[in-house]
Structures are given as structure tokens and as C-alpha cells.
Amino acid sequence: MQRLLLSLAAALTLMTSTALAADQPKPTSADVSYGPYKMDKLDFWEAKGEGPRPLLVYIHGGGWIGGDKARLPGNIKTFLDKGISYAAVNYRLTGEAPLPAPVHDAARAIQFLRHKAKEWNINKNKIALTGGSAGACTSMWLLCH
């Protein structure tokens with residue numbers, strides 16, 4: 001019974017996340033490769049405004065064993081309306097490459113975004129990270145390194 005409830009909760013979370021993702025604006029740049037691995041992809045939404053824009057980077061959760069950048073939390077449009085660009089990052093999962101590979105991939109994604117700062121109108125001195133579960137841990141690891 002407990003497994004069934006956990007499975008139902010996981011399905012509800014996935015359906016809610018998928019529904020949220022369907023309501024999101026389309027990325028300015030989708031599935032951009034930032035590294036040598038198949039999973040090293042990110043989506044980027046460019047906010048309009050004068051001068052380089054701040055950037056919020058979402059790193060998905062899933063215990064480094066699952067998850068995807070498409071499972072976006074909240075409404076990206078809220079950030080875009082405030083002039084904050086947004087990026088969502090995928091990385092290799094531990095089934096393919098053990099830790100610390102996922103956090104190293106995320107670090108590479110941040111380096112890539114900083115490299116694209118001029119082209120994508122990003123203020124590379126105003127980049128914030130967010131995520132749940134493994135994404136939160138990865139964000140903290142990056143902030144401490």
C-alpha cells in the first residue's frame with residue numbers, strides 16, 4: 001500500500017510538472033549543447049530590457065538518478081516579466097556517470113552561460129542558481145566552489 005501511495009504521489013508530481021511545463025513560454029534557445037555528453041543540454045529564455053539581464057539557472061532534482069530540465073517549477077514568465085532571463089539545465093545522471101560528474105556538468109553549464117553572456121545579453125555578475133533535491137545540492141556545491 002505504501003509503495004502504491006508513493007507511486008501515485010510521484011505520478012501526480014510528474015503530471016503537475018508536465019502541466020506546468022506545457023504552460024511555459026517557449027525557450028529562446030532550446031536543447032543547446034554545453035558539453036561533450038548527450039545529456040549536456042540546456043534551455044534558455046532571454047528576458048527583454050536595457051543592458052545585460054540577470055539570470056536564474058534551474059538545475060533539476062531527482063537524486064542525480066532521474067529528472068529532466070523539462071520539469072520546471074513555477075512560472076518562467078514571472079521572471080521574464082521582471083527582466084530576469086532563465087535557463088534550465090540537464091546533466092549526466094549517476095547511472096551513466098557517478099558523482100561528481102553531474103555537478104561537474106552543471107559547473108560546465110554555468111561556464112557556458114557566462115561564455116554566452118554577450119550574445120545572450122546576460123549579466124555574468126548577476127547569476128543565481130535554484131533547484132530542488134539534487135538540483136539544490138548541486139546549486140550549493142557550485143556556490144561554494
Side-chain angles (χ1 to χ4, degrees), residues 6-145:
L6 289 174
S7 296
L8 289 172
L12 181 58
T13 300
L14 180 58
M15 288 186 322
T16 303
S17 298
T18 303
L20 285 173
D23 294 338
Q24 301 293 357
K26 298 285 184 220
T28 309
S29 299
D31 283 328
V32 177
S33 178
Y34 67 82
Y37 306 103
K38 181 178 77 170
M39 291 298 294
D40 289 351
K41 304 267 191 224
L42 61 81
D43 294 339
F44 174 75
W45 291 259
E46 184 177 350
K48 303 299 177 207
E50 292 294 318
R53 309 311 311 150
L55 174 66
L56 178 61
V57 180
Y58 169 70
I59 303 170
H60 71 79
W64 297 294
I65 60 171
D68 189 271
K69 64 182 170 53
R71 291 178 55 190
L72 298 166
N75 188 348
I76 292 171
K77 189 174 179 323
T78 302
F79 295 102
L80 298 177
D81 289 347
K82 295 183 184 305
I84 301 168
S85 292
Y86 196 95
V89 174
N90 268 354
Y91 49 83
R92 287 175 292 164
L93 302 173
T94 55
E96 177 184 342
L99 281 166
V103 295
H104 288 169
D105 287 356
R108 183 179 292 110
I110 302 304
Q111 290 170 334
F112 176 84
L113 288 162
R114 289 175 56 84
H115 175 76
K116 290 288 209 177
K118 188 168 185 159
E119 181 182 343
W120 287 356
N121 199 32
I122 296 169
N123 182 339
K124 49 186 181 176
N125 295 315
K126 292 187 177 180
I127 297 176
L129 308 177
T130 189
S133 186
C137 290
T138 300
S139 295
M140 291 302 293
W141 184 88
L142 289 167
L143 293 170
C144 291
H145 286 81

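Basis for what follows: all heavy atoms, side chains included, without hydrogens, waters or symmetry-related copies. A quick note: this is a predicted structure, and the numbers were derived from the prediction, not measured.
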Asker: What are the two closest non-hydrogen atoms of L113 and I122, and how far apart are they?
Answerer: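 Scanning both residues completely, I find the closest heavy atoms to be O-CD1, 3.7 Å.
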Asker: Should the ring pair F112 and Y34 be called parallel, tilted or perpendicular, given that the plane angle runs from 0 to 90° and is split at 30 and 60?
Answerer: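 Ring orientation of F112 relative to Y34: tilted.
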Asker: State, to 0.1 Å, how close G49 and N121 come at their nearest heavy-atom pair, and which atoms those are.
Answerer: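 Between these two residues, the closest heavy atoms are O-ND2, 4.1 Å.
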Asker: Identify whether the distance between the nearest side-chain nitrogen and carboxylate oxygen of R108 and D105 falls below 4.0 Å.
Answerer: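 Salt bridge flag = yes for D105 with R108.
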Asker: Which heavy-atom pair separates I59 from S139 by the least distance, and what is that distance?
Answerer: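 Here I59 and S139 meet closest at CD1-OG, 3.8 Å.
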Asker: Give a yes or no on whether the backbone of G74 and the side-chain of Q24 come within a donor-acceptor separation of less than 3.5 Å.
Answerer: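 Yes, because the side chain of Q24 sits within donor-acceptor range (under 3.5 Å) of the backbone of G74.
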Asker: In sequence, state the C-alpha distance, the side-chain angles, and the governing distance for Y91 and M39, and then conclude on side chain to side chain contact (heavy atoms under 4.5 Å, CB included).
Answerer: CA-CA 5 Å; Y91 49 83; M39 291 298 294; 5.9 Å; no
Asker: Distance-only, no hydrogens or angles: does the N90 side chain make a donor-acceptor pair with backbone N or O of K69 under 3.5 Å?
Answerer: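 The answer is yes, because a donor-acceptor pair under 3.5 Å joins these two groups.
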Asker: Tell me, please, which residues at least two apart from K41 pass salt bridge (charged side-chain N to carboxylate O under 4.0 Å, His left out).
Answerer: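 By the salt bridge (charged side-chain N to carboxylate O under 4.0 Å, His left out) rule, K41 matches no residue at all.
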Asker: So, does S133 use its side chain to make a donor-acceptor pair with the main chain of G135 at under 3.5 Å?
Answerer: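 No, S133 side chain to G135 backbone: no donor-acceptor pair under 3.5 Å.
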Asker: Is there a side chain to side chain contact (heavy atoms under 4.5 Å, CB included) between W120 and S29 once you walk through the steps?
Answerer: CA-CA 10 Å; W120 287 356; S29 299; 3.9 Å; yes
Asker: Given 3.5 Å as the limit, does a donor-acceptor pair link the side chain of W45 with the main chain of L80, or not?
Answerer: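 Judged by distance alone, no pair lies under 3.5 Å.
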Asker: For the atom pair CG (L93) and NE2 (H60), what is the distance rounded to the nearest 0.5 Å?
Answerer: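 So the CG of L93 and the NE2 of H60 are separated by 5.5 Å.
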Asker: Is a side-chain N or O of H115 found less than 3.5 angstrom from the main chain of Q111, in a donor-acceptor match?
Answerer: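 No.
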Asker: Report the residue from I76, I127, L129, I84 that forms a side-chain contact (heavy atoms from CB on, under 4.5 Å) with L56.
Answerer: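 Only match with L56 under side-chain contact (heavy atoms from CB on, under 4.5 Å): I84.
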Asker: Work out which heavy atom in A106 is nearest to a heavy atom in T138; give both atom names and the distance.
Answerer: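 Heavy atoms only, the tightest pair is CB-CG2, 3.5 Å.
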Asker: Give a yes or no on whether the backbone of E46 and the side-chain of T28 come within a donor-acceptor separation of less than 3.5 Å.
Answerer: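 Side chain of T28 to backbone of E46, a donor-acceptor pair under 3.5 Å: yes, one is there.
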Asker: Check whether any side-chain heavy atom of C137 lies under 4.5 Å from a side-chain heavy atom of W64, and answer yes or no.
Answerer: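 C137 reaches W64 side chain to side chain.
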Asker: Taking the inter-plane angle between the rings of Y58 and Y86 on a 0 to 90° scale, is it parallel (under 30°), tilted (30 to 60°) or perpendicular (over 60°)?
Answerer: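 Judged by the thresholds at 30° and 60°, the geometry between Y58 and Y86 is parallel.
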Asker: Heavy atoms only: give me the nearest A134-G63 pair and the separation to one decimal.
Answerer: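 Heavy atoms of A134 and G63 come nearest at CB-N, 3.6 Å.
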Asker: Tell me the closest heavy-atom pair linking G83 and P54, and the distance in Å.
Answerer: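 In this case the closest contact between G83 and P54 is O-CD, 3.5 Å.
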Asker: Suppose we screen for salt bridge (charged side-chain N to carboxylate O under 4.0 Å, His left out). Which residues come up paired with K77, at least two apart in sequence or across chains?
Answerer: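 Testing K77 for salt bridge (charged side-chain N to carboxylate O under 4.0 Å, His left out), a comparison that skips the adjacent residues, returns D81.
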Asker: Is the side chain of T94 donor-acceptor paired with the backbone N or O of L99 at a distance under 3.5 Å, no angle test?
Answerer: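 Checked: no pair found.
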Asker: Can you tell me how far apart CZ (R53) and NZ (K126) are? Round to the nearest 0.5 Å.
Answerer: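 The NZ atom of K126 is 8.5 Å from CZ of R53, to the nearest 0.5 Å.
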Asker: Nearest 0.5 Å, please: how far is NZ in K116 from CZ in F44?
Answerer: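 Interatomic distance, F44 CZ to K116 NZ, rounded to 0.5 Å: 10.0 Å.
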